[in-house]
Amino acid sequence: MNHLWAKKVEKDGDLYWLPLAQHLNDTAAVIGLLWEHWLSKGQKNLVISSVGDEEKAKNVTQLLGYLHDQAKCTPAFQTKKSYSRSDDLDKQLLEKLEKEGFIGISTLSLTNPTKSVHALAGQALLESYGVNQSFSSIIGGHHGKPVESSHDVSVQLESYEANYFQNEKEADPIHQKWKVLQKEIFNEGLAKFDFKDSRAIPELSQSACVILEGLLIMADWIASNEAYFPLIGIDEDDSAISQEERIQTGFKKWFKTCIWQPEDFDDVVTLYKDRFGFEPRDVQAKLSESIQQASEPGIFILEAPMGVGKTEAALVAIEQLALKTGRSGMFFGLPTQATSNGIFPRIKEWLANITEDAKQNQSLELLHGKAALNDEFDKIPKAQGIDIDGEENGTIVTNEWFHGRKTGILDDFIVGTVDQFLLSALKQKHLALRHLGLSKKVVVIDEVHAYDAYMGQFLYQAIRWMGAYGVPVVILSATLPGERREELVKNYYLGTGKKWKDAVKPDNLAIQNAYPLITYSDGNKIEQVTQFEKQEGYQVEIHRLDDNELLGTLEGCLSGGGIAGIIVNTVRRAQELYHLISNQFGLENVELLHSSFIATQRVNKETNLMSKIGKNAIRPDKKIIIGTQVIEQSLDIDFDILFSDLAPMDLLIQRIGRLHRHEIKRPEKLTIPKFYVLGTSQTFEFNSGSKAVYGDYLLMRTQHFLPEQIRIPSDISVLVQETYAKDEIDLGEDYLKAKNDQEVFLDCKEQRAKTFRLSNPNKPNKGNLIGWLNNPNPDDREERGSAQVRDSSDSIEVIVVKKTKTGISLVDEDNDLDLSIDAKRLATNTIRLPQALSTIRMIDKTISELEIYNKKKLFDWQIQSWLKGSLGIILDENNQFLLNGYRLTYDLQLGLTYEKEEVNG
DNA sequence: AATAAAAAAAAA
Ligand SMILES: [Fe+3]
C-alpha cells in the first residue's frame, strides 16, 4: 500500500504528498499519545468499563486511528483531484498506482464517486468484514456527521461497487487487487493492535462511542496539520523517515501542557486559605462538605444570594470534584460575554495559584464570540512547549491550536458563555468534539436563574448528557422555581441511566423553599442541605406608585441627598424618563444605562457606575440612575432607594438585591430600604411594553403575591415559589386567558427548542452513532426551529462611527481613525440595531441596504482581519443615519433612538 | 409598530 496517497498538495511549484500508510501510522500514534497523555481518567474509565480492560481500550482506540482512512484505499478516493488543481500531481500519483498494477486507474471515470465518501466507505468496508456497528459507526462519522441509517451503509458495496473496486466484475484481477489490499490494511491493523479477528473488536456504549469519535477527529486534525506532520516531497525516499522521531517531534509541537492532576489536599479549610487567603464561610463550607462526603457525586445546585462567595465555592468544588471523579479541567459558563470577561481575571488568579503550587503549566481559554478582543486573555503568553527534564515554573499559557472555533472547547481550563455548554445539546457537525471537551472536565454553570424556557431545554439536555459521561456539574443560581430545580437534578439523574422512580429523594424536592439551598445527587440519592447559619437579614418596604407620583416622591426622598435607582422595562421608557427627570434634577445628577449604547460606551458607563456606587465607593451626594434590565444583571451596585416597573417576582427580587446591598452610612431619610413598584394596576391592565416583554400571566401573579414588605433573604424563595406555582388563583377571566397564553407561549418555545435538540443519551449498554445527528423532521415546516441555543429572531450588530471633516472617528472622540492602527479598537464599537429593523419583514432589506452602503463607503474595512465580516454605519453631522425607512440618532447621553422617517409627497 | 437582554455563525 506504499503507493496510495492520503493527502497531496502543490506548493511553489513543488509536489508533495502524504502516503496513506504514513497518515494511518501518524494518526494511530497520535491517538495513542492522546489516550496516554491527554484523556482524563474519568473519560478513560468510561471507555474501559465498556470494553473490559485498559490495554484493550487503548488498542481499540488506536485501531480506530489506524483504520479511519482505510477507505482512502479505493478508486473513488484515489482518483480525486487535488484541491490545488495540480494536474501534474494528480497524474504522477495515479501513475504510481498504474505501475503497481492498477491498470486503467489513470483514465478511470466513475459515475458516482461522491456517493462513497471515504468515511462512509470505511464504515461499509468494516461492516463487510463483520465488524460491529459501534466501532464502524465511529469510522463512518469521523468527518463530523455519523451516517444517517444502517441502510445507507449496507447498500454501499453493491450499489457503488466500482467506487470500491474499480469495476463491477468480481472475478476481475484488478477488482480483486483492491479488495485484497483493503483487507490487508485491515489485517495489519488487527495484528498491530492485538485483535485476532474482526469479531474480537469489542462493542462500545454510546457514550464511549461519542468520546472516541471526538478523540478520533482530534487525532486526525493533529495528524493532518502540516506544521506538526509535514507532507513529503513526491520524489523523496520516504523509507528514510524515522517513524519514532516523526511522531515524537510532531506530537511535541502540539502538546504544550501536561494533564492537570488535581491536588490531593488535606482539608478544605487549608485549601480555601491557600487559594483565596480566607477560611470558607458558611455556604462555602456546606457545599464543600456535601461534596466531600458524597461517594458518587453528580450534580450540585447551589441557590444562594449574591455575596456569599458562590464563585470561590464553585472553584473549590471544581478541585474537589476533579479529584473525586478523575476529571482534568473545567468549564465555567456565564450568561454573557461581559460576565465572562468580568470573571476571567478571578479565575485566572485561582488557576495561577494552582499552577504555582503544582509547578506545572496549564492553559486557560476565554471562549466566546469576542474573546479575541479581550486584553486580559490576549496577554497570556503562548506556550513554548514542554520541558520534560527541567521543572516548569508553573504559569498560565495558551496553546494556539485551541483557538480554533471548534477546538476551543477542548482546552483544559475554560471560561466562556453558557452557549458553549448549551451547544452540546444542539445537533450540529463535529458535536463529538464538544462532548469530548466537556466530558474531560468539571462543569460549572453560573446565574442559571437567568435562562428562559428555550435555553432551559438545552440546559436540561446538556446536563443529561453530562450525567451519561459521569461529568460532575455545579449549578450556581439565585432562587429557582422548584420545578426547574427538579428538572435539573432529574435530567442529570436520568442521564446516568437510572430510573427516576428509584431515586431516593426528599418528598418536597420541588417545593422546598429554603434559601440558601443546596440540592445534590450522590449515586441514587438526592439530598438537600437547608440548614444554614441564621442570617440577620433585613426588611424591605414595598410601595406601589403611580407614574405621576414619581417626580414628587423622588423630590421628597432625595431632599437630603442619596442615590436613587429607577429600573424600567423598555429602553424607550428609560429614555423618556431620563428627559423628564434630568429636566427637573439637572443633567449632572442623572445617569442613563441600557443596552442601546455603543458597547464601549456602555462598558465605560458601567465602570463609572461601579466607581460611584459599587462596593467601597466614595458615593456622590445625590444621583438618580435610570436604566433597563441591564441594571439588575450582575452589577454589584448599591442604591439607597429603588423604583422599578412591575416585572416577574424573581426579577423584582434581583432588583431589590441592589437596594441597600452593602452596609454603609446612608442619608437620614433613606435608612429604611424602600422599593417602589411602578406600573401596577387595580384591574390588572399593564402597559403594553411590560406586557410584550414579560406577558400578562407572570405580571398578574406577581402583582397578586406582591407583599407590603419583604424580608431578605428568608421571604425570597417563598415568593418565587408562589409566583411560579401552578395553583389556581381567582383573578377572573382575563387571568385564565393569560394563563392559557402563557402555557401556549412556553409550549411553543419548548417545541421550537426540541427541533434541533440532541436526543436523550442511551442507557449505558451497547450503542453506536448511526443517526446520532439526524434532523428529526426536516420537512416539517410548522414549528420550525432554527439551529440555535437562544430563542430570538436575528438581531443586527453594527459598528458605529461618525463623520469628521477629514475622515471618520469614533462617536465619543474626534481623532480620525487610522485603520492600520485602530482596527481592533474600532471592532469593539458595536451596537445592536433596534428590533424594528430586524423583524422578519424588515431584516432582508435592512441587511442588503447595509451591505450596499458598506461596499460603497467602508470597503477598506473588509481587508482588516479585525473588521472582516462586520457592517458599519457612519453617522452624519447630526449624529444620524437613515436605514430602511428609519432615522437612527445616536446621542451620547440618550444612546440610540429611532423614528420612522417622514415620507413627504 | 414595536416594545429586555442576550450569543453565534470552517475543517482535515
Ligand atoms: Fe484522516
Side-chain angles (χ1 to χ4, degrees), chain A residues 6-9 18 23 26-27 30 68-69 72 83 117-119 142-145 216-229 231 333-340 367-371 404-408 416-423 426 428-430 433 447 450-452 454-455 458 567-576 593-596 599 602 627-634 645 647-648 651 654 686-695 786-795 797 830 832 834-839 841-842 869-870 885-886 898-900:
Chain A
K7 298 174 193 299
K8 54 180 174 179
V9 72
L18 189 64
H23 180 57
D26 290 347
T27 312
V30 168
H68 83 282
D69 277 347
K72 286 192 172 175
Y83 290 120
V117 289
H118 74 268
H142 89 268
H143 277 186
K145 187 161 191 276
L216 176 58
I217 295 172
M218 183 175 180
D220 195 16
W221 287 8
I222 294 170
S224 302
N225 190 317
E226 290 170 37
Y228 310 144
F229 294 92
L231 302 197
L334 296 121
T336 67
Q337 296 181 343
T339 43
S340 314
L367 194 64
H368 63 61
K370 289 191 179 141
R405 207 174 52 76
K406 293 197 169 181
T407 55
T417 45
V418 66
D419 304 62
Q420 301 294 336
F421 178 65
L422 303 182
L423 281 168
L426 183 73
Q428 51 173 11
K429 220 175 156 192
H430 295 115
L433 280 179
E447 307 213 41
Y451 305 149
D452 73 353
Y454 184 92
M455 291 170 84
F458 286 95
I567 307 179
V568 296
N569 290 344
T570 63
V571 173
R572 175 153 288 178
R573 185 160 145 83
Q575 288 165 332
E576 282 164 3
L593 184 64
H594 52 65
S595 72
S596 282
R602 172 160 163 206
T628 57
Q629 292 81 342
V630 294
I631 295 182
E632 88 208 6
Q633 290 175 6
S634 59
D645 274 348
L651 300 182
Q654 282 289 110
F686 308 112
N687 76 55
S688 60
S690 296
K691 276 161 65 159
V693 175
Y694 297 117
S786 43
Q788 54 189 28
V789 294
R790 298 213 189 204
D791 189 25
S792 64
S793 49
D794 285 325
S795 60
E797 195 179 67
T830 54
R832 265 175 217 172
Q835 199 60 50
L837 280 163
S838 49
T839 55
R841 237 162 33 82
M842 299 284 279
S870 14
Y886 280 85
Y898 63 99
E899 58 190 354
K900 209 154 178 99

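Every heavy atom of this structure was used, including side-chain atoms; hydrogens, water molecules and symmetry mates were not.
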Exercise for the section: List in chain and number order the residues that pass side-chain hydrogen bond (donor to acceptor under 3.5 Å, both in side chains) with A:Asp419, two or more places apart in sequence or in another chain; answer none if no residue qualifies. Expected result: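 Residues passing side-chain hydrogen bond (donor to acceptor under 3.5 Å, both in side chains) with A:Asp419: A:Arg790.
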
Handout entry: Non-neighbouring partners of A:Glu632 that pass side-chain hydrogen bond (donor to acceptor under 3.5 Å, both in side chains), sequence neighbours left out
Key =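 A:Glu632 satisfies side-chain hydrogen bond (donor to acceptor under 3.5 Å, both in side chains) with A:Arg655 only.
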
With sequence neighbours excluded, tell me which residues meet side-chain contact (heavy atoms from CB on, under 4.5 Å) with [X].
X	result
A:Val117	A:Leu120
A:Ala371	A:Leu366, A:His368, A:Phe377
A:Ala450	none

Problem - A:Tyr83 side chain near A:Lys7 side chain, heavy-atom distance below 4.5 Å - result: no

Please report, rounded to the nearest Å, how far the [atom2] atom of [N] is from the [atom1] atom of [X].
X	N	atom1	atom2	answer
A:Leu433	B:dA11	CG	P	11 Å
A:Gln575	B:dA2	CD	C1'	13 Å
A:Met218	B:dA11	CE	C1'	15 Å
A:Asp69	B:dA12	CG	P	11 Å

Exercise for the section: Describe the nucleic acid contact of A:Lys406 in one word from base, sugar-phosphate, nothing, applying a heavy-atom distance below 4.0 Å. Expected result: sugar-phosphate

Exercise for the section: For A:Lys691, report the nucleic acid contact type (base, sugar-phosphate, nothing); a contact means any heavy atom under 4.0 Å. Expected result: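 Nothing, no nucleic acid heavy atom in range.
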
Completion exercise
Quick tally for nucleotides 3-8 of chain B: nucleotides whose base has a protein heavy atom under 4.0 Å get B, sugar-phosphate-only ones S, the rest -, giving BBSBBB

